[in-house]
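Since the structure comes first, as structure tokens, the remarks are kept for the end.
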Amino acid sequence: KMEKILRECARILVWGGRIVFNVQPLFSDYIPTHHMFSQLFMKLGLIWRNEIIWEKNNYNAKFTSWGSWLSPSSPYFKYTWEFLEVFSKGDIKKVNRWNTEPDLTPEEFKTWTIGKWSIAPERKMKEYGHPAMFPEELVRRAIKLFSFPGDIVLDPFNGVGTTTYVADQLNRRYLGIDVSKEYCETAKKRIMDGKNLFNI
């Protein structure tokens, strides 16, 4: 299923457009999912651009009975980070089709082009009723660093709308897709609440 969705994302991506794909190091024990998805994107003809480590500094992962204890026989690793894999279509340079001014500050550019982003996990998941939300800061960085104002941002797994909410705040056009009607309604409400908050 995932391959079908990602294939369509690659198909509709504009020339020079970017895909930013968030993935955990391991989906299951000893299956390096970030490598598997990177191979899929390259098989689809996309150009690998960057790999960003999203350091969540989440050290609350509990020790389990897997692996070995105090022994080199089979130590089990816990990960406090995820990856953002970045790909381009056709060209590594993106054309500014709208002739808009980039909205990156010099400090943001210098800081965010270091390939490790320390951003805490989202803390409002109970409030929005979703178990796996992105923090807004993670999305804000990805959108500002890889798109121009006026560009279209697509999230095919939009959930409760963090991507579309942040895209709206950053003057990007956007399309969010999710199989849950409830999540879609929450996403729309977040956008409207944001417009009212900023008097847009």
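Because the structure is a prediction, the values reported are computed rather than measured. What you see below is based on every heavy atom in this structure, not just the backbone, and it leaves out hydrogens, waters and symmetry mates.
- Salt bridge annotation for Arg7-Glu3: present, with a cationic side-chain nitrogen under 4.0 angstrom from a carboxylate oxygen.
- Trp117 places a side-chain N or O within 3.5 Å of a backbone atom of Trp112 that can act as its donor or acceptor partner.
- In this structure, the side chain of Asn158 does not engage the main chain of Ile177 through any donor-acceptor pair within 3.5 Å.
- Proximity of a side-chain donor or acceptor of Asn50 to a complementary backbone N or O of Ile52 within less than 3.5 Å is not detected.
- Under the side-chain hydrogen bond (donor to acceptor under 3.5 Å, both in side chains) criterion, Arg18 pairs with no residue, sequence neighbours left out.
- Hydrophobic clustering (ILVMFWY, side-chain heavy atoms < 4.5 Å, transitive): Val160 and Leu154 are in distinct clusters.
- Taken together through direct or relayed side-chain contacts under 4.5 Å among Ile, Leu, Val, Met, Phe, Trp and Tyr, Val139 and Tyr128 form parts of separate hydrophobic clusters.
- No chain of hydrophobic side-chain contacts below 4.5 Å, direct or via other Ile, Leu, Val, Met, Phe, Trp or Tyr residues, connects Phe146 to Ile92.
- Ring-plane geometry between His34 and Phe83 is classed as parallel, the angle between the planes falling under 30 degrees on a 0 to 90 degree scale with a further cut at 60.
- Residue pairs meeting the salt bridge (Lys or Arg N to Asp or Glu O under 4.0 Å) criterion with at least one partner in residues 131-155, sequence neighbours excluded, are Lys94-Asp151, Glu108-Arg140, Glu108-Lys144, Glu136-Arg190, Glu137-Arg140, Glu137-Arg141.
- With hydrophobic clusters built from ILVMFWY side chains whose heavy atoms lie under 4.5 angstrom apart, Val23 shares a cluster with Leu13.
- Closest approach of Pro25 and Glu82 over heavy atoms only: CD-CA, 4.2 Å.
- By the side chain to side chain contact (heavy atoms under 4.5 Å, CB included) test, Ala167 pairs with Ile143, Val153, Arg172, Tyr174, sequence neighbours left out.
- The main-chain N or O of Gln24 is found under 3.5 Å from a side-chain atom of Thr33 such that the two form a donor-acceptor pair.
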